Structures are given as C-alpha cells and as structure tokens.
Amino acid sequence: MPTVIDQAVQARLIASSPQSRSVPAQLRYRRADPFAVRIAFPPAASLDGAEVEWAFARELLAGGLLSPSGGGDVRVWPCGPERTVLEFHAPEGVAMVQIDTAELRGFLARSYALVPVGGEAGCLDVDGGVEALLRQL
C-alpha cells in the first residue's frame with residue numbers, strides 16, 4: 001500500500017484583474033503526516049517566481065466542500081456544485097484558486113483509504129519525532 005498520495009489538478013487562479021488563469025497544482029497526502037494535506041503551485045504561479053506550498057488540515061478541506069470552513073491562513077468553501085475555492089492568506093497578500101470539487105473529493109477518498117478518519121493518531125511516529133528533536137539539541 002502506498003504511503004503518499006499525489007494528485008495533479010488544474011487550479012483556476014482568481015485575479016483582481018478581469019482575467020483569471022489556469023495553473024497546475026499538486027495535491028499531496030502522506031501517511032506520516034496524517035492530519036494534513038498539501039498543495040503546491042509551480043514558480044510561474046507565484047509573484048516571486050518560487051514554488052509555493054501550503055499545508056492545512058485534511059478536515060478543513062473536507063469541511064470546505066460542504067460549507068465555508070477555516071478562519072486562519074487557509075479558508076475553503078464551495079462555489080456552486082462543481083467548484084471549490086481555496087483562499088490562502090500570507091503577509092504578501094491573498095491568493096484564491098478554484099478547483100474542481102470532484103477532483104478534491106476523489107483525492108480525499110484516496111486519503112481516507114490510506115488513513116481513515118479517526119485513524120490519524122495511529123500513524124504518528126511520536127517516538128521517532130522525539131528522537132529527532134533530541135538529536136537537534
């Protein structure tokens with residue numbers, strides 16, 4: 001069984017100008033970090049030309065498919081029956097993208113097959129984490 005799920009998606013970058021544009025993005029879920037999902041955007045999608053990656057709760061993504069969720073740096077909400085908006089807040093500004101809801105549901109279903117809801121704590125390597133921290137001291 002895999003320990004990482006990667007899924008390429010097309011995100012529509014919502015811009016303040018009249019033109020929005022599609023950018024590729026990569027969703028990732030790792031058994032070793034079972035509470036989080038990550039989304040990475042290529043350098044062409046960022047203001048400074050560097051790849052951008054966001055990590056946020058899998059539960060936030062799941063909740064945002066049904067109703068507005070989040071209140072911190074990442075917010076997620078449905079935009080009609082076929083699209084979901086992800087909004088990212090950073091000191092440099094706010095970025096919003098729309099992603100096909102069916103793709104997000106498929107990604108979440110694969111993550112649940114890997115680590116069921118409620119089974120996340122069983123995947124954490126607490127001893128290994130403490131050991132790594134002690135080595136850094």
Side-chain angles (χ1 to χ4, degrees):
M1 177 173 266
T3 60
V4 176
I5 296 170
D6 282 313
Q7 181 174 324
V9 295
Q10 281 296 316
R12 177 154 299 282
L13 185 61
I14 302 168
S16 56
S17 66
Q19 295 255 346
S20 60
R21 62 185 171 111
S22 288
V23 295
Q26 186 77 24
L27 291 166
R28 173 169 276 195
Y29 180 79
R30 297 180 310 143
R31 177 191 292 260
D33 190 8
F35 290 102
V37 295
R38 296 175 186 282
I39 187 165
F41 297 96
S46 72
L47 294 175
D48 64 359
E51 181 177 276
V52 176
E53 181 178 273
W54 287 84
F56 53 96
R58 177 171 71 161
E59 182 180 10
L60 172 64
L61 180 59
L65 297 179
L66 304 172
S67 63
S69 297
D73 291 343
V74 179
R75 299 172 187 168
V76 182
W77 68 88
C79 183
E82 297 178 8
R83 297 296 225 169
T84 300
V85 173
L86 283 75
E87 180 179 282
F88 304 101
H89 293 251
E92 301 81 18
V94 176
M96 290 177 28
V97 297
Q98 287 182 343
I99 298 178
D100 183 76
T101 301
E103 286 187 287
L104 294 173
R105 285 179 204 242
F107 173 76
L108 283 171
R110 291 173 59 209
S111 81
Y112 296 144
L114 185 61
V115 178
V117 173
E120 296 91 350
C123 294
L124 295 175
D125 180 10
V126 176
D127 292 337
V130 170
E131 200 173 286
L133 284 172
L134 292 174
R135 278 194 305 267
Q136 292 176 2
L137 296 177

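In this text, all values refer to a predicted model and were calculated from it rather than measured experimentally. Sequence positions, counted from 1, serve as the residue numbers for this chain.
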Nearest non-hydrogen partners of Val74 and Leu60, listed with the distance
O-CD2, 3.7 Å

Between Gly63 and Ser69, the two heavy atoms sitting closest are C-OG, 3.2 Å

Looking at every heavy atom in both Arg38 and Ala55, which two are closest together, and how far apart are they?
NH1-CB, 3.2 Å

Output for pair (Ile5 CD1, Arg30 CZ), nearest 0.5 Å, gives 12.5 Å

Taking all non-hydrogen atoms of both residues into account, name the closest pair between Arg105 and Leu65 and its distance.
CG-CD1, 3.7 Å

Looking at Val85 and Cys79, what are the two nearest heavy atoms and their distance?
CG2-CB, 3.7 Å

Is there side-chain contact between Pro24 and Gln10, with at least one heavy-atom pair below 4.5 Å?
yes

Assigning hydrophobic clusters by single linkage (Ile, Leu, Val, Met, Phe, Trp, Tyr; side-chain heavy-atom cutoff under 4.5 Å), is Leu108 placed with Leu66?
no

What pairs with Arg28 under side-chain hydrogen bond (donor to acceptor under 3.5 Å, both in side chains), at least two apart in sequence or on another chain?
Asp6

When you compare the side chain of Asp100 with that of Arg83, does any pair of heavy atoms fall below 4.5 Å?
yes

Ile99 side, atom CD1; Ile39 side, atom CD1 - distance, nearest 0.5 Å:
3.5 Å

Val9 and Phe107, any side-chain heavy atoms less than 4.5 Å apart:
no

With no hydrogens and no angle check, is any side-chain donor or acceptor of Tyr29 less than 3.5 Å from a backbone partner on Pro34?
yes

Go through it in stages, so that I can follow the logic: the residues are Phe56 and Leu86, the test is side-chain contact (heavy atoms from CB on, under 4.5 Å), and I'd like the CA-CA distance, side-chain angles, deciding distance and then a yes or no.
CA-CA 11 Å; Phe56 53 96; Leu86 283 75; 3.8 Å; yes

Is there a donor-acceptor contact under 3.5 Å from the side chain of Thr84 to the main chain of Trp77?
no

Cluster link Leu114 to Val4, ILVMFWY, side chain under 4.5 Å
no

Those residues that, when tested against Glu103, pass side-chain hydrogen bond (donor to acceptor under 3.5 Å, both in side chains) (two or more places apart):
none

Separation between CD of Gln7 and CG of Leu104, rounded to the nearest 0.5 Å:
8.0 Å

State whether the number of non-hydrogen atoms from other residues, nucleotides or ligands found under 6.0 Å of Glu53 atom CD is greater than 12.
yes

Side chains of Glu82 and Thr101: does their closest heavy-atom pair fall under 4.5 Å?
no

Any donor-acceptor pair under 3.5 Å from Arg58 side chain to Ser111 backbone
yes

Could you go through Phe88 and Val52, starting from their C-alpha distance and side-chain angles, then the distance that decides it, and tell me whether this counts as side-chain contact (heavy atoms from CB on, under 4.5 Å)?
CA-CA 11 Å; Phe88 304 101; Val52 176; over 6 Å; no

Transitive ILVMFWY side-chain link Val117 to Leu27, under 4.5 Å:
yes

